[in-house]
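Here's the structure, in structure tokens; my notes come after.
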Amino acid sequence: MASLLQVLDGQHHCTLAQISRQTRVPRSSAHRILQRLVDLGWVERHGFNYSLGIRMFELGVRVVHRDQVHGAALPVMHALYRSTGLTAYLSVLQSTDILHIERVGGWPERAAGWHLGGRQPAVHCAAGRALIARLDEALWPELAVLQPPTSRAICGPTALRRELYRVRDRGGVAIDNEGCVPGTIAVAAPVGPSGAGINAALTLCGPAPAVQTDKAMAAVHAAAMNIWQAAAGVPRRRGQRALATTA
């Protein structure tokens, strides 16, 4: 069952033959399992094609919305979007990928991996490098550098390590300057300080001419700390500025 659902993950639809071939499950068994998943609402069938069902979406939404960090992040992200005009993302590190679990704003419109629920290689995006940089260095070599998506992407282990040190020097803030998508700049910061035990990062993303990197860095860093304080119940320090005034 898990193998069949994995094939449908990220696909608009698949036929029984495609699912059987990719999972190496006999067609009769695959058909029987898929029919049960259709009955449960986890899979939908349209003619000869299968796709993930609305029940899977409902379960995913419940998982995300019961998370304290997500609940604390939403109002902060909306305020950040209003104050900067840049799209705000909340993302988590899943193995060697970044998974976007919330998005406020509309940029980029069609770029691969940037949609809600989309995945990107962690080494190639700002959120991924922000979270990787605070890992123990012994874990860095396991995060292999994949085929770079653009000519400005990090393209080797040495360059990756150099960039991770830069992220640490910037207080944990990572910058992706057209490395994921041409014409797009993203700035990300981890939610909470190192040791807080939160596997999430906040990103501001927009078209290169519209992103003032220094201001975006200050805004995303302050917003990420605001989210952590709200989620953990940490009182705001006297004199700490509200989010809407940081950008």
Side-chain angles (χ1 to χ4, degrees), residues 69 73 76-77 80-81 84-108 111-135 140 143-156 159-194 198-228 246-247:
V69 173
V76 175
M77 293 171 70
L80 195 60
Y81 174 63
T84 66
L86 304 175
T87 299
Y89 286 88
L90 182 67
S91 313
V92 295
L93 185 64
Q94 294 281 300
S95 184
T96 58
D97 289 339
I98 279 293
L99 172 66
H100 300 304
I101 62 172
E102 191 56 78
R103 164 177 166 159
V104 177
W107 179 272
W114 281 105
H115 58 280
L116 184 60
R119 286 177 178 265
Q120 293 175 312
V123 297
H124 288 319
C125 64
R129 294 199 290 269
L131 291 172
I132 293 170
R134 64 181 188 176
L135 294 175
W140 290 1
L143 298 164
V145 177
L146 307 176
Q147 180 67 31
T150 75
S151 60
R152 304 191 69 169
I154 289 176
C155 56
L160 174 60
R161 293 181 68 87
R162 192 160 49 235
E163 177 58 26
L164 293 175
Y165 286 128
R166 289 195 194 100
V167 172
R168 288 184 170 184
D169 290 341
R170 288 192 292 262
V173 179
I175 302 170
D176 180 67
N177 191 347
E178 303 187 62
C180 274
V181 180
T184 299
I185 293 178
V187 179
V191 174
S194 179
I198 298 177
N199 175 36
L202 182 68
T203 302
L204 276 177
C205 166
V211 180
Q212 299 181 51
T213 305
D214 289 343
K215 289 185 177 181
M217 288 174 59
V220 79
H221 184 267
M225 291 302 293
N226 285 350
I227 292 171
W228 169 68
T246 60

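Values below: every heavy atom of this structure, side chains too, minus hydrogens, waters and symmetry copies.
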- Do Leu90 and Val191 come close enough that some side-chain heavy atom pair is under 4.5 Å? yes
- Start with the C-alpha distance between Thr213 and Met217, add both sets of side-chain angles, then the distance that settles side chain to side chain contact (heavy atoms under 4.5 Å, CB included), and finish with yes or no. CA-CA 6 Å; Thr213 305; Met217 288 174 59; 4.0 Å; yes
What side-chain donor-acceptor pairs closer than 3.5 Å can you find for residues 173-189, not counting sequence neighbours?
| unit_1 | atom_1 | unit_2 | atom_2 | d |
| --- | --- | --- | --- | --- |
| Asp176 | OD1 | Arg129 | NH2 | 3.3 |
| Asp176 | OD1 | Gly179 | N | 3.4 |
| Asp176 | OD2 | Gly179 | N | 3.2 |
| Asp176 | OD2 | Cys180 | N | 3.1 |
| Glu178 | OE1 | Gly183 | N | 2.7 |
| Glu178 | OE2 | Arg152 | NH1 | 3.1 |
| Thr184 | OG1 | Trp107 | NE1 | 3.4 |

- Query: Say you draw a straight line from CD of Glu102 to OG1 of Thr203; how long is it, rounded to the nearest 0.5 Å?
  - Reply: 13.0 Å
- Item | Minimal non-hydrogen separation, Leu80 against Thr84, with atom names | O-OG1, 2.8 Å
- Message: Within this structure, what is the OG-CZ distance for the pair Ser91 and Arg119, rounded to the nearest 0.5 Å?
- Response: 11.5 Å
- If every non-hydrogen atom of Arg134 is compared with every non-hydrogen atom of Pro193, which pair is closest and at what distance? NH1-O, 3.4 Å
- Between the main-chain N or O of Asp169 and the side-chain N or O of Arg166, is there a donor-acceptor pair closer than 3.5 Å? no
- Task: Of all the heavy-atom pairs spanning Val123 and Ile154, show the shortest one and how long it is.
- Result: O-CD1, 4.3 Å
- Task: Could you pull out all residues at least two apart from His100 that satisfy ring pair (Phe, Tyr, Trp, His ring centres under 6.0 Å)?
- Result: Tyr89, Trp114
- Item | Under 3.5 Å: donor-acceptor pair, side chain of Arg168, backbone of Ala133 | yes
- Query: Ala216 and Leu86: which non-hydrogen atoms are nearest, and at how many Å?
  - Reply: CB-CD1, 4.4 Å
- Query: How far does CG of Asn226 sit from NE2 of His221, to the nearest 0.5 angstrom?
  - Reply: 10.5 Å
- Message: Give me the atom names and distance for the closest heavy-atom approach of Ala130 to Val167.
- Response: CA-CG1, 4.2 Å
- Message: Give me the atom names and distance for the closest heavy-atom approach of Cys125 to Gln120.
- Response: CB-OE1, 3.7 Å
- Please round to the nearest 0.5 Å and tell me the distance separating atom CD1 of Ile132 and atom CZ of Arg161. 12.0 Å
- Item | Test item: Ile98 and Leu93 side chains (from C-beta on) under 4.5 Å apart, heavy atoms | yes
